[in-house]
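Worksheet for the structure shown next.
These numbers come from a predicted model, not from an experiment.
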Amino acid sequence: MSGERRKGLLEALTAAGRESSTAAVMHHSAMGERLGLGMTEEKALDLLRRLGPLTAGELAQHTRLAPATISGLIDRLESRWLVRRVRDTKDRRRVIVEINPEQPAGFGELLQPFAATMAHLYERYTDDELALILDYLHRSTALRREATEALIG
């Protein structure tokens, strides 16, 4: 590959990555706004949906937020009936935060159309191409987490 072509591809990749990041932030911001949630609250709900019930400490680890911030975040989500605190059945001293099964509708309905669109996009790629995209996402996510850690110390 020529040096000029690679340089152009790397510049285009950087620009596309920034556009993708901005689009993701704006999409989640719009979803949160529709639900009356801030971005951190919306992403905390996303973590609970993907990972299942978590303790406040585990939620703090995944978000890298301070315990006091997590406590307030959980309070806000609980006041809106989106999550609930439940006692751990194995250790009654532990409190677990879980998605409230009786939560108001909205989050899933907002996400479903985009998920369906992405499923159609994935159909365009071979298994090998999907594996390459997945590898890139895993590696770039790890790098973003390292960069975030460097910012917050």
Side-chain angles (χ1 to χ4, degrees), residues 9-89 91 93-125 129-153:
L9 287 171
L10 291 173
E11 288 172 359
L13 187 57
T14 298
R18 291 179 73 184
E19 282 184 46
S20 177
S21 176
T22 299
V25 167
M26 299 311 291
H27 181 242
H28 285 284
S29 179
M31 282 183 33
E33 192 171 308
R34 286 287 285 289
L35 296 170
L37 301 173
M39 178 135 357
T40 305
E41 296 160 331
E42 193 266 332
K43 291 313 288 179
L45 277 177
D46 180 57
L47 281 169
L48 291 168
R49 286 189 185 286
R50 287 187 294 119
L51 303 177
L54 300 169
T55 65
E58 291 167 337
L59 198 51
Q61 281 182 306
H62 288 287
T63 61
R64 307 300 297 159
L65 295 171
T69 303
I70 285 293
S71 184
L73 179 129
I74 294 168
D75 288 345
R76 289 190 303 277
L77 292 174
E78 191 175 42
S79 73
R80 305 218 39 220
W81 295 87
L82 297 169
V83 302
R84 64 183 185 181
R85 290 175 168 104
V86 295
R87 293 266 174 226
D88 187 335
T89 57
D91 181 351
R93 295 169 295 175
R94 282 176 34 119
V95 175
I96 297 175
V97 180
E98 66 180 18
I99 297 287
N100 185 350
E102 298 154 11
Q103 70 176 273
F107 189 83
E109 291 80 6
L110 287 177
L111 193 56
Q112 199 286 325
F114 179 67
T117 301
M118 290 302 292
H120 289 297
L121 175 63
Y122 298 151
E123 291 172 4
R124 298 180 60 189
Y125 296 96
E129 290 170 330
L130 288 173
L132 180 65
I133 293 167
L134 186 59
D135 177 68
Y136 169 80
L137 288 173
H138 284 305
R139 290 174 189 240
S140 64
T141 299
L143 293 173
R144 185 173 303 275
R145 284 190 179 121
E146 288 174 16
T148 301
E149 188 64 34
L151 289 172
I152 56 179

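The CZ atom of R84 sits 11.0 Å away from the CD1 atom of I96 when rounded to the nearest 0.5 Å. In this structure, OG1 in T141 is found 8.5 Å from OH in Y136, a value given to the nearest 0.5 Å. Here the straight-line distance linking atom CG of L51 with atom NE2 of H62 works out to 5.0 Å at 0.5 Å rounding. Of the inter-residue distances, the one linking L45 atom CG with K43 atom NZ reads 10.5 Å to the nearest 0.5 angstrom. To the nearest 0.5 Å, atom CG of residue L134 and atom OH of residue Y125 are 13.5 Å apart. Atoms CG and CG, from D135 and L130 in turn, are 12.5 Å apart once rounded to the nearest 0.5 Å.
Shown here for I70 and A56, the closest heavy-atom pair between the two residues is CG2-O, 3.6 Å. When all heavy atoms of L47 and L59 are compared, the pair lying nearest together is CD1-CD1, 4.2 Å.
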Discussion item. With side chain to side chain contact (heavy atoms under 4.5 Å, CB included) as the criterion, how do L137 and I133 come out once you've worked through the C-alpha distance, each side chain's angles and the decisive distance to 0.1 Å?
Written reply: CA-CA 6 Å; L137 288 173; I133 293 167; 4.1 Å; yes

Item to complete: Apply side chain to side chain contact (heavy atoms under 4.5 Å, CB included) to E98 and L48, showing your working.
Response: CA-CA 7 Å; E98 66 180 18; L48 291 168; over 6 Å; no

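For residues 140-153, the salt bridge (Lys or Arg N to Asp or Glu O under 4.0 Å) pairs, not counting sequence neighbours, are R64-E149.
Using a cut-off of 4.0 Å between Lys/Arg side-chain N and Asp/Glu carboxylate O, D46 and R49 are scored as not salt-bridged.
Other residues, nucleotides and ligands place more than 12 heavy atoms under 6.0 Å from the CD atom of E78. Remark: R139 CZ is loosely packed, at most 12 non-hydrogen atoms of other residues, nucleotides or ligands lying under 6.0 Å away.
Looking at L37 and L82, their side chains come closer than 4.5 Å, going by heavy atoms from C-beta outward.
Scanning for side chain to side chain contact (heavy atoms under 4.5 Å, CB included) contacts around R87 gives R92, V95, with sequence neighbours left out.
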Acceptor/donor pairs from residues 20-31 side chains to any protein atom, 3.5 angstrom cut, sequence neighbours excluded:
{"unit_1": "T22", "atom_1": "OG1", "unit_2": "R18", "atom_2": "O", "d": "3.0"}
{"unit_1": "H28", "atom_1": "ND1", "unit_2": "E42", "atom_2": "OE1", "d": "3.0"}
{"unit_1": "H28", "atom_1": "ND1", "unit_2": "E42", "atom_2": "OE2", "d": "3.2"}

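S79 contributes a side-chain N or O that, together with a main-chain N or O of R76, makes up a donor-acceptor pair within less than 3.5 Å.
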